[in-house]
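Take a look at the structure set out below.
Chain identifiers are assigned alphabetically (A, B, ...) following the order of the sequence lines, protein sequences preceding nucleic acid strands; residue numbering begins at 1 within each chain.
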Amino acid sequence: MNNLLDSLNKQQREAVVHTEGPLLVLAGAGSGKTRVLTYRIAYLINEKNVYPSNILAITFTNKAAREMKERVENLLEGSYDMWISTFHSACVRILRMEIEKLQGYKKNFIIFDTDDQAKIIKECLKELNYNEKNFPPKEMISSISKAKDQLMTPGKFMDRYGRDFRLKKVADIYSLYQKKLMENNALDFDDILFKTVELFQNNPDALQRYQQKFKYIMVDEYQDTNYCQYMLINLLAKSHRNLCVVGDDDQSIYSWRGADIGNILNFEKDFPDAKVIKLEQNYRSTQTILDAANSVISKNFGRKSKRLWTDNGEGKAIIYYKAMDERDEADFIIGEIDRLAFQEQISLNSFAILYRTNAQSRALEEMCMARGVPYKIVGGHRFYDRMEVKDIIAYLRVIQDPEGDLSIKRIINVPKRGIGKATIDQLEDYARQNGVSFYEALLFADNIDGISKKARNSIKDFVRLIAELMDIAENESASEVINQVILKSGYLEELEKGDDEAQERARNIKELISAALEYEEKNEDNSLTGFLENMALMSDIDGLKEDREGITMMTIHSAKGLEFPVVFICGLEEGLFPTQRAFFEEHQLEEERRLMYVAVTRAKEKLYLTSAFERTLYGSTSYTMESRFLREIPKDLIMKV
DNA sequence: GTGTTGAGTATTTTT
DNA sequence: TACTCAACAC
């Protein structure tokens with residue numbers, strides 16, 4: 001362990017050994033913050049004899065959590081019972097044990113994603129007779145999400161905004177939405193955090209138990225925490241105050257999701273006795289790249305002053321190419337990668353193309369296909385979000401708990417069974433009038449007027465199918481249940497007679513079975529609930545396969561925390577990057593600038609910047625102006641080609 | 001009950 | 001451009 005400390009620089013070592021009391025580590029990009037965190041955990045266990053079970057480390061992605069756990073266990077040469085996880089996983093874990101302390105919630109709750117949320121919101125609007133034009137579901141979701149970030153219940157929302165004609169209605173929607181979530185035995189992503197805070201605020205005993213348990217708390221990417229997460233951490237850390245937060249205010253790029261940069265900027269106010277350590281030595285990039293990054297970010301105000309440096313050497317000049325249009329841009333980028341990969345024998349895995357919006361991937365993808373260059377795209381939509389996967393998930397949710405109306409309505413006619421809208425409306429009316437769930441209404445279908453003979457039979461078959469599957473789920477693993485679902489429901493059969501696209505869907509479902517098998521191998525808990533939770537909390541980047549050779553393409557947001565030897569940042573045009581929406585507000589422009597900073601600092605050796613003279617986006621073509629961020633980089637660092 | 005059309009709309013998305 | 005979804009036609 002002593003020799004392990006030797007491999008750290010002075011500031012890193014300081015951060016590792018400062019174990020008692022509040023600590024703020026301001027870690028510039030590439031300054032080895034993950035290293036600090038992993039060594040700190042290892043140090044606590046090895047040198048300070050802290051029980052692993054007394055440690056809580058929070059990361060923002062499952063992937064980061066997994067990697068951190070692996071690295072700690074490698075250092076310690078063994079496996080330990082520490083909580084290294086995302087906010088959401090940690091909270092779900094707590095709620096699975098404790099949520100029944102909150103009125104009306106059950107332990108086997110399911111997790112709603114944005115799709116599910118939208119459907120529920122639409123139901124609410126219909127029921128309240130509000131128009132989707134005046135109350136766009138997306139906006140409603142984000143208002144509710146913001147309220148939850150601020151720990152505002154529907155009641156509080158009403159108290160605060162109820163006098164406003166429109167906001168009063170939003171409060172009604174929020175309130176009904178919450179009621180429907182409960183009826184579905186579901187929590188949305190924000191609830192997972194909010195309910196945990198509520199639990200602790202209302203149950204001092206429970207809070208105390210967890211305060212006792214988590215004697216040492218570490219939070220990574222602290223600049224991206226929202227108010228709710230901030231409260232959660234502060235509640236937990238209150239008694240021991242051994243809280244170490246690591247972050248970089250310059251890399252705060254999620255304010256639009258409620259992340260409050262103030263959390264990191266005010267840490268010293270919250271904890272006046274906090275020790276502050278800055279990590280400014282960068283181990284990742286060349287000096288040229290860092291100079292560019294420093295120069296861009298220095299245009300922002302209200303930051304903690306930091307200046308990255310390295311002893312990696314100057315490195316190569318940054319290359320800027322101004323293309324005719326997005327096709328020419330793609331041609332240049334892919335051509336350059338092709339050339340470098342061939343001439344200098346560089347693996348395609350060394351290259352990343354970063355862009356502001358997912359829509360930009362199209363031209364690049366087409367160019368790769370045309371030239372036969374392998375690539376991997378991160379983002380767009382998650383595997384879990386595919387229609388066919390969501391259908392199967394809905395089956396699993398129904399099997400796990402048939403009272404969830406949303407899921408059962410999704411699959412009742414998938415594959416087609418002749419239970420159409422008219423029948424469903426009848427069933428819904430019956431359920432509402434009798435105060436029962438949709439599933440129970442199905443059981444009473446024979447007594448409901450206005451349902452055809454044919455539909456009644458279909459409903460009976462469907463109920464029988466679900467019962468049969470529930471039976472299977474009693475004894476079988478998640479993967480086997482999925483297998484039975486697709487066989488017995490006729491879902492797979494239907495796809496297999498379909499076109500190419502249907503075949504692709506069939507493959508995705510088989511992929512889902514593999515995912516379930518993999519999950520069962522990795523976890524002792526092979527329950528359906530566990531697997532569903534895993535799927536819900538999984539993101540696209542978590543599944544990024546490092547084994548397959550290919551260029552990586554993704555948005556800058558997705559690239560945070562990653563590094564590549566050669567990075568291309570494309571679409572450097574006013575209105576695209578920075579986005580048009582940031583033109584009017586300085587703080588939004590600053591966030592775009594931080595995004596640029598994040599993008600630049602992903603590069604280890606070589607950085608390319610590109611823009612296009614004219615660009616077609618969403619079907620219309622327009623002339624562009626070069627991004628201001630290009631001008632914010634010193635000219636002598638850039639070589640135009 | 002199912003299939004088709006046309007209007008509307010489009011950042012970023014660690015969970 | 002390309003997708004989604006509500007309204008309409010069969």
Side-chain angles (χ1 to χ4, degrees), chain A residues 58-65 85-92 111-115 117-119 122 126 132-133 136-138 141-142 145 148-149 187-194 220-221 223-226 228-229 251-259 326 354-360 362-363 366 378-382 384-385 387 413 415-425 451-452 454-455 458 533-542 544 554-562 571 575-582 588 591-592 594-595 598-599 615-621:
Chain A
I58 299 289
T59 62
F60 267 78
T61 64
N62 294 302
K63 187 167 170 258
S85 67
T86 62
F87 270 108
H88 293 264
S89 310
C91 287
V92 166
I111 299 166
F112 269 7
D113 63 18
T114 26
D115 248 42
Q117 286 182 289
K119 284 192 174 144
K122 282 177 188 167
K126 206 178 272 172
E132 277 190 35
K133 285 262 140 30
K138 274 191 176 164
I141 291 174
S142 102
S145 176
K148 288 180 177 176
D149 280 358
L187 302 187
D188 63 23
F189 285 129
D190 303 306
D191 278 338
I192 292 173
L193 307 175
F194 187 8
D220 193 9
E221 309 277 17
Q223 76 282 357
D224 287 331
T225 50
N226 62 30
C228 179
Q229 293 165 329
Q251 291 187 69
S252 163
I253 54 175
Y254 282 102
S255 75
W256 49 277
R257 276 182 47 162
E326 70 276 359
L354 308 181
Y355 34 75
R356 178 66 240 262
T357 72
N358 283 120
Q360 290 169 258
R362 180 169 221 94
E366 279 169 2
V378 178
H381 40 249
R382 300 183 302 166
Y384 171 78
D385 288 335
M387 181 178 77
N413 203 29
K416 302 251 180 307
R417 306 187 166 86
I419 306 174
K421 193 174 178 302
T423 307
I424 291 171
D425 284 346
I451 296 181
S452 70
K454 191 168 152 272
S458 302
E533 172 186 317
N534 182 262
M535 293 297 290
L537 298 181
M538 194 79 171
S539 78
D540 196 57
I541 198 138
D542 291 330
L544 180 63
M554 62 185 136
T555 62
I556 300 163
H557 283 91
S558 309
K560 192 164 121 210
L562 305 180
L576 182 61
F577 188 23
T579 174
Q580 189 137 27
R581 290 165 205 244
Q588 288 199 38
E591 180 142 320
E592 293 291 303
R594 290 194 291 270
L595 202 51
V598 168
R615 182 175 297 272
T616 307
L617 211 58
Y618 304 131
S620 65
T621 306

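A sub-4.0 Å separation between OP1 or OP2 of B:dT13 and a side-chain N or O of A:Ser558 is present. Using a 4.0 Å cut-off, some side-chain N or O of A:Thr423 falls inside it from OP1 or OP2 of B:dG1. When the side-chain nitrogen and oxygen atoms of A:Asn358 are compared with OP1 and OP2 of B:dA10, none of them lie within a distance under 4.0 Å. Phosphate contact (OP1/OP2 of B:dT11, side-chain N/O of A:Tyr618, threshold under 4.0 Å): present. Residue A:Arg362 places at least one side-chain N or O under 4.0 Å from the OP1 or OP2 atom of C:dA2. Of the side-chain N and O atoms in A:Thr555, one or more sit less than 4.0 angstrom from OP1 or OP2 of B:dT13.
Not one N or O on the side chain of A:Asp115 forms a donor-acceptor pair closer than 3.5 Å with the backbone of A:Asp385. In this structure, A:Ser458 contributes its side chain and A:Ile419 its backbone to no donor-acceptor pair below 3.5 Å. Proximity of a side-chain donor or acceptor of A:Asp188 to a complementary backbone N or O of A:Ile111 within less than 3.5 Å is not detected. One N or O on the side chain of A:Arg594 and one on the backbone of A:Ser252 form a donor-acceptor pair closer than 3.5 Å.
Atom CD of A:Gln580 and atom P of B:dA10 are 13 Å apart (whole Å). Between the C1' atom of B:dT14 and the CD1 atom of A:Ile556 lies a distance of 16 Å, rounded to the nearest Å. Between the CG atom of A:Leu562 and the P atom of B:dT14 there is a distance of 12 Å, rounded to whole Å. A:Phe60 places its CZ atom 16 Å from the P atom of B:dT13, with the value rounded to the nearest Å. With rounding to whole Å, A:Lys138 atom NZ is found 12 Å from B:dT12 atom C1'. Between the CG atom of A:Asp190 and the C1' atom of B:dT14 there is a distance of 13 Å, rounded to whole Å. Here the P atom of nucleotide B:dT13 and the CZ atom of A:Arg356 are 8 Å apart, to the nearest Å. One can place CD1 of A:Ile111 at 21 Å from P of B:dT13, the figure rounded to the nearest angstrom.
Residues A:Asn358 and A:Val378 share a closest heavy-atom pair of ND2-O, 4.3 Å.
Of the listed nucleotides (B:dT12, B:dT14, C:dC5), B:dT14 has the atom at the smallest distance from the side chain of A:Arg257. For A:Thr61, the listed nucleotide lying nearest its side chain is B:dT14; candidates were B:dT11, C:dA6, B:dT14. Comparing atom distances between the A:His557 side chain and each of B:dT13, B:dT14, B:dT11 picks out B:dT13 as nearest. Checked against B:dG3, B:dT14, B:dG1, the side chain of A:Ala422 finds its nearest nucleotide in B:dG1. Checked against B:dT14, C:dA6, B:dG3, the side chain of A:Lys416 finds its nearest nucleotide in B:dG3.
Base engagement by A:Tyr254 is indicated by at least one non-hydrogen atom pair under 4.0 Å involving a base atom. The residue A:Asn413 sits close only to the backbone: its heavy atoms come under 4.0 Å of sugar-phosphate atoms, none of a base. Residue-level contact check: A:Ala455 touches neither bases nor backbone, having no heavy atom under 4.0 Å from any strand. Among the protein residues, A:Gly619 comes within range of the nucleic acid bases, having at least one heavy atom under 4.0 Å from a base atom.
Between A:Lys421 and A:Asp425 there is a salt bridge, since a side-chain N of the basic residue sits under 4.0 Å from a carboxylate O of the acidic one.
Nearest-nucleotide mapping onto DNA chain B: of A:Arg417 and A:Arg581, the residue sitting toward the 5' end is A:Arg417. Mapping A:Ala259 and A:Glu592 onto DNA chain B via the closest heavy atom, the residue that lands nearer the 5' end is A:Glu592.
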